[in-house]
Amino acid sequence: MKHGIIKGAKLAAFAGMLMSTTGIAHANWTGTWDSQHGELRLIQEGDRVYGDYAKRGYFEGRVSQDGKRLRGTFQYNSPRSKNGYIEFVRSGDSFEGGWNWADDGPVSYTRGNWDGSLKSKRHPTLTYAVDRTDYWADFWNIKGGRASKWAFEGVAQAKVIYAESDPGYGMSGDEWQGTFDTNYGEIRLVQNGRRVFGEYAKRGYFE
């Protein structure tokens with residue numbers, strides 16, 4: 001662990017980073033959803049949302065800055081292994097959405113062919129979206145970055161954090177990893193990609 005002093009601009013930047021997820025937190029997608037294409041089981045981590053749908057396949061997507069719009073891909077685990085785009089826009093405990101096959105390109109939620117409502121806010125048990133670092137559909141890296149640009153549009157810092165050739169996770173480095181002395185007591189932080197979490201003094205914790 002490294003030690004340092006958090007002062008001025010750096011402390012403000014840290015506060016800003018914590019606040020940047022506020023909109024997302026107010027519209028968390030974690031839970032089980034009913035839809036005309038079967039049950040959706042979703043988990044949200046920061047601006048990332050992934051999960052399963054029905055007994056067919058899995059999702060990977062990103063939510064917009066305000067947490068209301070979810071864009072991503074689905075992988076349909078049929079014998080023909082089809083896949084495509086999704087876009088859901090949330091209003092309260094329901095969403096309006098649309099989908100398209102990969103060859104047809106990105107879709108607008110106004111198409112209205114995939115709508116849903118929240119059934120449970122409990123953390124769901126996943127069947128297909130397990131044991132991998134991401135669940136983008138098979139075509140994700142094949143179409144010259146088209147899917148990546150579309151899915152990450154409007155996501156905080158997406159252009160900085162995600163490269164077209166590797167839309168995986170986070171920035172490298174451990175800029176915030178360590179123990180810091182501050183005027184509010186000792187802060188102990190762990191950085192995992194773009195996520196920073198930890199505790200301060202003997203008072204509480206950060207995410």
Side-chain angles (χ1 to χ4, degrees), residues 1-33 41-52 58-72 88 90 92-93 118 120-126 129-136 140 148-149 151-207:
M1 289 293 214
K2 60 191 179 186
H3 291 71
I5 303 293
I6 297 183
K7 289 185 177 180
K10 197 167 187 180
L11 184 57
F14 179 60
M17 180 179 64
L18 293 175
M19 292 174 65
S20 69
T21 61
T22 302
I24 295 170
H26 286 314
N28 200 297
W29 290 79
T30 296
T32 302
W33 301 73
R41 296 168 295 279
L42 302 178
I43 294 174
Q44 181 169 343
E45 296 175 348
D47 57 23
R48 179 190 182 210
V49 177
Y50 65 98
D52 302 330
Y58 52 82
F59 294 105
E60 176 87 21
R62 295 294 182 272
V63 293
S64 56
Q65 190 88 10
D66 61 6
K68 294 181 180 180
R69 188 197 72 205
L70 170 61
R71 281 183 173 179
F88 302 154
R90 182 170 176 170
D93 288 341
L118 187 62
S120 170
K121 292 183 179 180
R122 290 187 177 183
H123 202 280
T125 300
L126 304 183
V130 293
D131 299 325
R132 285 174 44 179
T133 57
D134 65 77
Y135 301 95
W136 298 108
W140 178 254
S148 176
K149 290 178 182 178
F152 284 99
E153 183 182 17
V155 177
Q157 299 182 335
K159 292 181 180 178
V160 175
I161 293 165
Y162 300 95
E164 232 176 74
S165 59
D166 180 17
Y169 301 106
M171 50 191 179
S172 61
D174 59 349
E175 292 84 356
W176 288 98
Q177 182 105 354
T179 302
F180 299 85
D181 290 321
T182 81
N183 52 328
Y184 291 104
E186 188 176 82
I187 296 177
R188 298 170 293 279
L189 301 177
V190 175
Q191 180 169 350
N192 180 3
R194 196 151 67 91
R195 180 188 180 210
V196 177
F197 61 98
E199 56 192 12
Y200 70 101
K202 294 182 178 179
R203 301 174 185 173
Y205 53 84
F206 292 108
E207 174 80 31

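All residue numbers in this chain count up from 1 along the given sequence. Quick caveat, the model's predicted, so the values are computed rather than measured.
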Original post:
Is any side-chain heavy atom of R90 less than 4.5 Å from a side-chain heavy atom of D93?
Top reply: yes
Original post:
Is the backbone of W29 close enough, under 3.5 Å, to the side chain of Q44 for a donor and an acceptor to pair up by distance?
Top reply: yes
Subject >> Contact check, side chains of F59 and L42, non-hydrogen atoms, under 4.5 Å >> reply: yes
Subject >> ring-ring contact (aromatic ring centres under 6.0 Å, His included) partners for Y50, two or more places apart >> reply: Y135
**OP:** Assign the ring pair W140 / W136 to parallel, tilted or perpendicular, where the plane angle (0 to 90°) is split at 30° and 60°.
**Re:** parallel
**OP:** Give the minimum heavy-atom separation between Y58 and A129, together with the two atoms involved.
**Re:** CB-CB, 4.2 Å
**OP:** Mind checking the OG1-CG spacing from T32 to L118? Nearest 0.5 Å is all I need.
**Re:** 8.0 Å
Subject >> Closest approach of F180 to W176 (non-hydrogen atoms, all atoms of both residues) >> reply: CE1-O, 3.4 Å
Subject >> D52 side chain vs R41 backbone, donor-acceptor pair below 3.5 Å >> reply: no
**OP:** Looking only at non-hydrogen atoms, find the nearest pair between V49 and R62 and report the distance.
**Re:** N-NH1, 4.5 Å
Subject >> S64 (side chain) donor-acceptor with G154 (main chain) under 3.5 angstrom >> reply: no
**OP:** Could you grab the distance from atom CZ of R48 to atom CD of E60, nearest 0.5 Å is fine?
**Re:** 4.0 Å
